[in-house]
Amino acid sequence: MQTHPVDHELVQAAAHVARTRCRGDNHTMAAAARARDGRIITAVNAYHFTGGPCAELVLIGAAAAQGAYELETVVAVGDRDRGVVPPCGRCRQVLLDYFPALKVIVGNDDHIRTVLITELLPETYVWADHQLDAG
């Protein structure tokens, strides 16, 4: 598994949002992404017993709402100082489908690292590869 430099500013942004915006059981995770233009976009999850979206999925919508359609790196951080939390399986698949070259920060406080989303889903199903060409 090849690692890439860790965007510590991104981790700090997500940790700040987790510390200051996550309250109670409705919002327990924060995510931050670096857009291709250098901006940092942040979001929190919207937990609900029906399966509300993870912070990474909310982040995709928040980024689009701000005109950031190309994300380069993403990280999620848990509230209550839980540190970096890897994306769940659903988020890994969605992130791969939206951003096939995305880098993801994973690991624990002692050893965080940046890997490609494709390395988190080896031999994955790529949705775009199975769409029929219109026409």
What pair of heavy atoms forms the shortest contact from [X] to [Y], and how long is it?
X	Y	value
T42	A32	CG2-CB, 4.0 Å
G78	A18	O-CB, 3.8 Å
L59	I41	CD1-O, 3.3 Å
C91	L57	SG-CG, 3.8 Å
Y47	D25	CB-O, 3.3 Å
C88	C54	SG-SG, 3.9 Å

Between the side chain of [X] and the main-chain N/O of [Y], is any donor-acceptor distance below 3.5 Å?
X	Y	value
R36	Y69	no
R82	D79	yes
H27	N45	yes
T114	P5	yes
R39	Q66	yes

Heavy atoms of other groups near [X] [atom1], more than 12 under 6.0 Å:
X	atom1	value
R90	CZ	yes
Y98	OH	no
D81	CG	no

Can you get from [X] to [Y] by hopping between Ile, Leu, Val, Met, Phe, Trp and Tyr side chains that sit under 4.5 Å apart?
X	Y	answer
I105	V115	no
V74	L120	yes
V75	F99	no
L121	L95	yes
V106	V11	no

Output the distance between atom [atom1] ([X]) and atom [atom2] ([Y]), rounded to the nearest 0.5 Å.
X	Y	atom1	atom2	value
N26	H48	CG	NE2	8.5 Å
K103	L71	NZ	CG	11.5 Å
D7	Q12	CG	CD	9.0 Å

What verdict does the side-chain contact (heavy atoms from CB on, under 4.5 Å) test give for L116 and V104, after you've listed the backbone C-alpha separation in whole Å, the side-chain angles of each residue and the deciding distance to 0.1 Å? CA-CA 6 Å; L116 294 173; V104 183; over 6 Å; no
Side-chain heavy atoms of T124 within contact of T118, under 4.5 Å: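 Result no, sub-4.5 Å side-chain heavy-atom pair not found.
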Is there a side-chain contact between H8 and I112, using heavy atoms and a 4.5 Å cut-off?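 Yes, at least one pair of side-chain atoms sits under 4.5 Å.
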Determine, step by step, whether R92 and E56 satisfy the salt bridge (Lys or Arg N to Asp or Glu O under 4.0 Å) criterion, reporting the C-alpha distance in whole Å, the side-chain angles of both residues, the deciding distance to 0.1 Å, and the verdict. CA-CA 9 Å; R92 291 174 191 211; E56 296 93 333; over 6 Å; no
Show your working on side-chain contact (heavy atoms from CB on, under 4.5 Å) between I40 and E9 and close with a plain yes or no. CA-CA 9 Å; I40 292 178; E9 185 182 18; 3.8 Å; yes
Evaluate side-chain contact (heavy atoms from CB on, under 4.5 Å) for V44 paired with V58, printing each intermediate quantity in order. CA-CA 7 Å; V44 298; V58 175; 6.0 Å; no
V77/V85 under side-chain contact (heavy atoms from CB on, under 4.5 Å): CA gap, chis, key distance, verdict: CA-CA 5 Å; V77 173; V85 177; over 6 Å; no
